There are 4 protein chains.
Amino acid sequence: MMLHIDLQSETPIYTQLTEQIMEGIASGQLQPGEALPSIRSLAGDLGINLHTVNKAYTLLKQEGYIQIHRYKGVIVQPDGMPEATPAFRERQKQQLKPIIAEAICRGITLEELQVVVRDIYEGLHTLKGE
Amino acid sequence: MMLHIDLQSETPIYTQLTEQIMEGIASGQLQPGEALPSIRSLAGDLGINLHTVNKAYTLLKQEGYIQIHRYKGVIVQPDGMPEATPAFRERQKQQLKPIIAEAICRGITLEELQVVVRDIYEGLHTLKGE
Amino acid sequence: MMLHIDLQSETPIYTQLTEQIMEGIASGQLQPGEALPSIRSLAGDLGINLHTVNKAYTLLKQEGYIQIHRYKGVIVQPDGMPEATPAFRERQKQQLKPIIAEAICRGITLEELQVVVRDIYEGLHTLKGE
Amino acid sequence: MMLHIDLQSETPIYTQLTEQIMEGIASGQLQPGEALPSIRSLAGDLGINLHTVNKAYTLLKQEGYIQIHRYKGVIVQPDGMPEATPAFRERQKQQLKPIIAEAICRGITLEELQVVVRDIYEGLHTLKGE
DNA sequence: GTGGTCTAGACCACT
DNA sequence: GTGGTCTAGACCACC
């Protein structure tokens with residue numbers, strides 16, 4: 001899977017990494033148990049600092065999306081992804097609220113918004129069976 | 001309309017302000033043409049610095065959600081809210097993508113997600129007629 | 001001649017007034033010797049403060065574009081407009097420089113720019129004979 | 001490139017900075033991709049506050065003339081300057097109109113004005129090939 | 001080291 | 001009293 005970094009984005013690089021890896025997992029491009037590049041090689045490929053990659057991986061591990069094995073490397077969580085806990089759902093709502101509020105301000109209907117959400121969902125999800 | 005700030009949150013204060021004001025507009029609690037508190041009074045009420053409020057107001061003005069009238073005060077945009085431009089829709093997608101990707105990872109179905117989105121949308125929007 | 005004010009503009013109201021009156025003189029809509037509205041009536045018509053109109057008129061008088069006669073009122077300078085002094089030409093250059101610099105940045109050619117300038121000039125000036 | 005500030009001028013310092021940097025870009029003294037001084041070092045060199053420099057840089061970034069890279073620094077836009085959009089051309093006209101009106105009032109002919117514009121344009125632009 | 005955020009306090013132009 | 005500008009000084013995240 002190809003990761004790419006936008007250096008002029010406002011989002012920190014480590015966040016861009018975590019988001020892209022999660023998108024890889026969501027889309028099935030990254031399968032459970034599959035190996036991720038080592039910190040060193042990924043940092044080298046992207047031309048960024050080791051610490052930055054390490055931070056991204058550590059966060060993903062804390063959330064339960066990957067496993068980091070000393071000496072063996074980094075793999076996508078093979079033992080089932082983390083659950084949708086109530087805490088997660090609450091956080092999700094807080095993330096969605098301002099986005100939806102802005103959409104309403106700009107006159108976007110619920111139907112339009114549902115289409116956008118479905119397109120993104122299916123755009124990611126339908127790869128999963130491959 | 002009551003605005004509240006979470007000083008502990010990692011989201012910048014000025015972002016919390018812009019988001020809450022946009023939610024106020026979306027929900028109709030803030031009507032077009034309605035006056036917003038002056039920079040100084042809002043800063044005083046919230047116990048924050050006037051520059052922080054100023055930054056929030058300036059961003060909202062740049063996006064077209066409010067008007068800032070020098071020497072007179074600040075009002076909610078009376079001449080129609082900004083449109084849902086292609087640039088806006090693209091930005092919206094980029095905001096939604098990581099949220100939806102994470103939802104997929106955690107096994108949330110499209111139907112569940114649509115319910116969440118609808119609840120938030122209607123929770124904000126249905127106040128509009130009041 | 002119709003004057004109009006943009007309350008949400010960043011340019012101070014008195015500047016908007018002086019500019020519009022100068023445009024009126026440039027275009028011949030305001031003829032030398034012609035009466036301008038009194039401070040009081042203009043302020044009333046535009047819904048702005050007396051001091052604001054007064055400031056605009058005072059500036060125009062200082063520059064030599066109008067005459068203010070106590071009790072008689074305000075008239076467009078009948079005794080010849082102010083000259084293009086070296087100081088004026090220098091100030092003009094300083095005003096034009098940033099505008100032209102930005103035009104160059106955006107790839108506007110000298111020919112294009114000349115067309116813009118000519119259009120504005122003739123758009124104002126050709127009314128003069130009427 | 002040398003930047004200089006006139007503290008006595010009534011034009012805000014941050015405006016002087018943005019104008020000078022745009023002139024530098026227009027004249028080719030600042031090349032695309034070239035690094036600009038860091039906020040702190042420029043503020044130090046000019047003897048002004050870092051927030052003032054920050055404001056100037058932020059405005060130039062919003063217009064698309066520079067890129068601000070968090071943690072790394074500021075560079076002149078390497079991916080092509082912003083286009084001359086219709087909105088830009090309209091803004092330009094509004095900026096030019098009062099200047100040209102005043103020129104007409106003072107009896108400056110179109111030909112004289114064109115010479116002034118050409119001199120400034122070429123004075124900036126002809127450095128570009130060097 | 002960088003830019004981003006926030007505070008505190010000041011002066012100004014304008015209404 | 002309003003927003004606009006500027007200063008001085010601080011802490012933070014990131015690299």
Side-chain angles (χ1 to χ4, degrees), chain A residues 5 7-17 43 46-56, chain B residues 5 7 9-17 35-44 46-59 61 66-75, chain C residues 5 7-17 43 46-56, chain D residues 5 7 9-17 35-44 46-59 61 66-75:
Chain A
I5 291 301
L7 286 174
Q8 68 181 294
S9 164
E10 299 188 353
T11 17
I13 294 173
Y14 77 87
T15 305
Q16 295 183 44
L17 282 179
L46 297 174
I48 58 179
N49 198 291
L50 289 178
H51 299 326
T52 310
V53 178
N54 188 45
K55 178 158 189 176
Chain B
I5 290 301
L7 293 172
S9 166
E10 61 178 9
T11 32
I13 296 174
Y14 74 87
T15 305
Q16 297 182 42
L17 279 180
L36 288 168
S38 80
I39 292 181
R40 276 173 180 73
S41 67
L42 183 53
L46 297 174
I48 60 178
N49 192 278
L50 95 192
H51 292 114
T52 309
V53 177
N54 188 37
K55 180 160 187 175
Y57 277 0
T58 302
L59 285 171
K61 169 192 150 199
I66 65 173
Q67 287 183 356
I68 301 181
H69 293 155
R70 239 172 172 174
Y71 329 124
K72 305 196 70 174
V74 180
I75 61 170
Chain C
I5 292 301
L7 287 174
Q8 69 182 291
S9 165
E10 299 189 353
T11 14
I13 295 174
Y14 77 87
T15 306
Q16 296 184 43
L17 282 179
L46 297 174
I48 59 179
N49 198 292
L50 288 177
H51 301 325
T52 311
V53 178
N54 188 44
K55 178 158 188 176
Chain D
I5 290 300
L7 292 173
S9 165
E10 61 179 10
T11 33
I13 295 174
Y14 75 86
T15 305
Q16 296 182 42
L17 279 179
L36 288 168
S38 80
I39 291 180
R40 278 173 178 72
S41 68
L42 183 53
L46 297 175
I48 59 177
N49 193 278
L50 95 191
H51 291 114
T52 309
V53 177
N54 188 38
K55 180 159 189 176
Y57 276 0
T58 302
L59 284 171
K61 170 191 150 200
I66 65 173
Q67 286 182 356
I68 300 182
H69 293 155
R70 239 172 172 174
Y71 331 124
K72 306 196 69 173
V74 181
I75 61 170

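Labels below follow one simple rule: chain letters A, B, ... track the order of the sequence lines, proteins then strands, and each chain is numbered from 1. Treat the numbers as computed from the prediction; the structure is a model and nothing was measured.
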Given atom CD of B:Glu10 and atom C1' of E:dC6, what is their separation to the nearest angstrom? 16 Å
dist D:Ile66:CD1 -> D:Thr58:OG1 (nearest 0.5 Å) comes out at 7.5 Å
Starting from C1' on E:dT15, measure out to CG on C:Leu46 and report it in whole angstrom. 14 Å
Hey, which sits more toward the 5' end of DNA chain E by its nearest nucleotide, B:Gly47 or C:Lys55? B:Gly47
In terms of side-chain heavy atoms of B:Ser38, which of F:dC15, F:dT2, E:dC6 is nearest? F:dT2
Checking base pairs now: Watson-Crick or wobble, both atom distances under 3.5 Å. What partners F:dC14? E:dG1
Minimum-distance nucleotide (side-chain atoms of B:Tyr71 versus F:dC15, F:dG1, F:dG4): F:dG1
Interatomic distance where CG belongs to D:Leu7 and P belongs to E:dC11 [whole Å]: 17 Å
On DNA chain F, more 5' by nearest nucleotide between B:Leu50 and D:Lys72 is B:Leu50
Establish whether the base of F:dG3 is bridged to the side chain of B:His51 by a donor-acceptor pair shorter than 3.5 Å. no
What I'd like to find out is whether the side chain of B:Tyr57 reaches to under 4.5 Å of the side chain of B:Ser38, using heavy atoms alone. no
What's the closest nucleotide to the side chain of D:Asn54 if the choices are E:dG4, F:dG4, F:dG9? E:dG4
Find the distance D:His69:NE2 to E:dT2:C1' and express it as a whole number of Å. 12 Å
I need the CG-C1' distance between B:Leu36 and F:dT2, as an integer number of Å. 14 Å
Are any side-chain N or O atoms of B:Arg70 and backbone N or O atoms of C:Glu10, one a donor and one an acceptor, separated by less than 3.5 Å? yes
Determine whether A:Leu17 and A:Ile5 make a side-chain contact, defined as any pair of heavy atoms from C-beta on separated by less than 4.5 Å. yes
Using a heavy-atom cut-off of under 4.0 Å over every strand shown, decide if A:Ile48 touches base, sugar-phosphate, or nothing. nothing
Look at the side chain of D:Arg40 and the base of E:dG1, then say whether one donor and one acceptor between them are separated by less than 3.5 Å. no
Length of the CD-P vector between C:Gln16 and E:dA13, whole Å: 18 Å
Starting at the 5' end of DNA chain E, which residue's closest nucleotide do you reach first, B:Ile13 or C:Ile13? B:Ile13
Please give, in whole Å, the distance from F:dT2 C1' to B:Ile68 CD1? 11 Å
Taking any heavy-atom pair under 4.0 Å as a contact, classify D:Tyr57: base, sugar-phosphate, or nothing. nothing
Figure out the CG/P separation between B:Asn49 and F:dC6, and round it to whole Å. 17 Å
Tell me which nucleotide among E:dT7, F:dC15, F:dG4 gets nearest to the side chain of B:Thr52. E:dT7
Minimum heavy-atom distance B:His69-B:Ile75, with the two atoms named: CE1-CD1, 3.9 Å
Nearest-neighbour nucleotide for the C:Tyr14 side chain, F:dC6, E:dC14, E:dG4 considered: E:dC14
Please report the interatomic distance CD1(D:Ile13) to CG(D:Leu7), rounded to the nearest 0.5 Å. 5.0 Å
Here's a test of your reading of the structure: between D:Thr11 and A:Pro12, which maps to the more 5' nucleotide of DNA chain F? D:Thr11
